[in-house]
Number of protein chains: 2
Amino acid sequence: MQNGSRKEQITHAAAKLFKEKGFGAASMRDIAGSMGIEAASLYSHIKSKDEILEIICFSMADRLLKSIDEVNDIYFNAAEKLQLAIKNHVRIITGDLNASSVFLREWRHLTKAKLRKFVDMRNRYEAGFMQILVNGENENVFEATDKKFAVLTILSAVNWITEWYDPKGKMNPDEISNHLTEFIMNGLRVKSPA
Amino acid sequence: MQNGSRKEQITHAAAKLFKEKGFGAASMRDIAGSMGIEAASLYSHIKSKDEILEIICFSMADRLLKSIDEVNDIYFNAAEKLQLAIKNHVRIITGDLNASSVFLREWRHLTKAKLRKFVDMRNRYEAGFMQILVNGENENVFEATDKKFAVLTILSAVNWITEWYDPKGKMNPDEISNHLTEFIMNGLRVKSPA
DNA sequence: TAATTTGCCTAACATACGTTAGGTAATTTC
DNA sequence: GAAATTACCTAACGTATGTTAGGCAAATTA
């Protein structure tokens with residue numbers, strides 16, 4: 001899919017509506033309307049409504065998986081890896097808020113075969129994150145009695161950003177990831193009692 | 001709405017389907033079918049499909065708001081309050097997983113007026129949680145440079161439980177909330193370097 | 001026992017949906 | 001300049017949807 005192509009424009013317009021109304025409630029007529037054309041015209045560029053959802057979901061999944069693999073290939077200590085993994089994740093997600101929201105919320109509406117593939121990719125992503133925690137334990141930097149639990153908790157915090165992030169707000173993506181990394185590593189508790 | 005009433009049964013059946021398929025994709029015929037009756041028969045007990053969603057969302061919202069108000073009325077220190085608030089939240093959410101999932105995911109489909117009311121309630125809940133962090137800072141137990149950020153991060157972690165919690169799994173709700181509270185207070189970092 | 005209410009039914013309505021068929025004008029390719 | 005392609009159009013299809021109208025038998029109430 002080449003840059004700026006009509007197909008990409010449709011995907012963008014659809015992502016915006018899927019985010020606002022949900023996949024089920026946003027119709028092909030809505031999508032076409034937002035582009036100033038008729039619904040039937042969309043079918044010159046895309047195969048089906050389902051295909052649009054697939055493109056959005058897997059485009060995000062691909063980017064995130066690529067990122068975690070890169071992080072785990074670098075010769076860093078666990079704390080640095082965690083910091084970088086979170087930074088990448090936040091950058092990817094804030095880079096396209098509409099697509100990210102659809103990716104996080106609407107993936108359930110993927111057709112059966114694609115859904116299986118999607119869940120598989122998500123599991124691989126979680127496993128990549130988990131590897132960092134395992135490294136951290138070996139290096140005696142982290143402790144996590146239940147690593148699956150810890151990963152899910154971390155990812156939930158990272159993903160929730162789509163719900164409140166405002167590109168015009170006071171925090172930029174890297175500030176957010178720094179803040180988040182600090183919170184995940186040290187929590188709320190004051191370290192040196194006053 | 002009295003206990004075990006037909007209306008309550010409908011709400012339960014609907015919650016299950018709204019969770020599985022989403023509000024938009026689960027039809028009145030689906031809901032009726034899961035109860036072994038016809039779609040039209042539902043209208044002897046409920047006003048509309050929208051009403052079912054409202055009942056589910058506001059029932060959860062009411063319970064959570066009541067809980068946070070109670071916590072903030074108790075003469076506890078901030079750490080104890082946080083612990084209790086999280087414990088209550090986890091109990092409420094794990095107590096009805098179907099309704100909780102709908103409450104967390106499908107509230108966007110509420111009609112305009114109800115949506116406004118819902119968001120207002122959610123803001124009040126967040127404010128109640130934030131109050132605990134403010135107390136904690138005054139008591140020198142917590143530090144949180146950006147309290148809004150901290151609250152959203154905490155709540156995202158707590159709410160994510162609906163995505164993986166299994167009543168037959170190895171952790172019960174109170175174990176989960178203990179685990180979570182520990183994580184939120186102290187993070188991942190090993191405190192005493194080995 | 002008569003009157004009322006409850007809980008469901010069948011049938012139908014109007015509307016909205018994803019998608020296909022077939023066409024037409026403008027643009028690109030040879 | 002002819003041929004092919006692109007990007008859109010109108011019209012229509014079959015199906016699914018939320019909901020209403022009107023009825024009927026069983027249970028409840030008086």
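Below, read A as the first sequence line, B as the second, and so on, with proteins coming before strands; counting in each chain starts at 1. Note: hydrogens, waters and symmetry copies are ignored here, and every other heavy atom, side chains too, is used.
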Requested in this report: Round to the nearest Å and state the distance from A:R29 atom CZ to D:dC9 atom P.
Outcome: 13 Å
Query raised in the report: Could you state the CE-P distance from B:M28 to C:dA14, rounded to the nearest angstrom?
Result: 20 Å
Query raised in the report: When you check the gap from the basic side-chain N to the acidic O, do B:E163 and B:R105 get nearer than 4.0 Å?
Result: yes
Report task. Please state how far atom CD1 in A:I37 lies from atom P in D:dT6, giving the value in whole angstrom units. Result -> 16 Å
Side-chain donor-acceptor distances from residues 119-130 of chain A under 3.5 Å, at least two apart:
from	atom 1	to	atom 2	distance (Å)
A:N123	ND2	A:V119	O	3.4
A:Y125	OH	A:H89	ND1	2.6
A:E126	OE1	A:K148	NZ	3.0

Query raised in the report: Roughly, in whole Å, what's the span from CD in A:Q9 to P in D:dC8?
Result: 9 Å
**Report entry** Separation of atom CD1 in B:I31 from atom C1' in D:dT17, rounded to whole Å
**Finding:** 12 Å
Requested in this report: Please work out if B:A26 contacts a base, only the sugar-phosphate, or nothing of the nucleic acid, heavy-atom cut-off 4.0 Å.
Outcome: sugar-phosphate
Query raised in the report: Taking only residues two or more places apart in sequence, or in another chain, which ones meet B:K81 in a side chain to side chain contact (heavy atoms under 4.5 Å, CB included)?
Result: B:V71, B:N72, B:F76, B:I132, B:N135
Report task. Could I get the full list of side chain to side chain donor-acceptor pair (under 3.5 Å) partners for B:D96, not counting sequence neighbours? Result -> none
Query raised in the report: For A:Q9, what residues pass the side chain to side chain donor-acceptor pair (under 3.5 Å) criterion, not counting sequence neighbours?
Result: A:R6
**Report entry** Side chain of A:E38 (C-beta onward), nearest among D:dT19, C:dC9, D:dT10
**Finding:** D:dT10
Report task. Could you pull out all residues at least two apart from B:S27 that satisfy side chain to side chain donor-acceptor pair (under 3.5 Å)? Result -> B:D30
Query raised in the report: From C:dA12, C:dA21, C:dA11, pick the nucleotide closest to the side chain of B:A40?
Result: C:dA11
Query raised in the report: Rounded to whole angstrom units, what separation is found between the CG atom of B:D30 and the P atom of D:dA16?
Result: 11 Å
Query raised in the report: Rounded to the nearest 0.5 Å, how far apart are CD1 of A:I93 and CG of A:N159?
Result: 4.5 Å
Query raised in the report: Expressed in angstrom and rounded to an integer, what is the separation of A:E8 atom CD from D:dA7 atom C1'?
Result: 18 Å
Query raised in the report: Among residues 41-48 of chain B, which residues get a heavy atom nearer than 4.0 Å to DNA chain D?
Result: B:Y43, B:S48
Query - Spacing of B:M35 atom CE relative to C:dC9 atom C1', expressed in whole Å - result: 15 Å
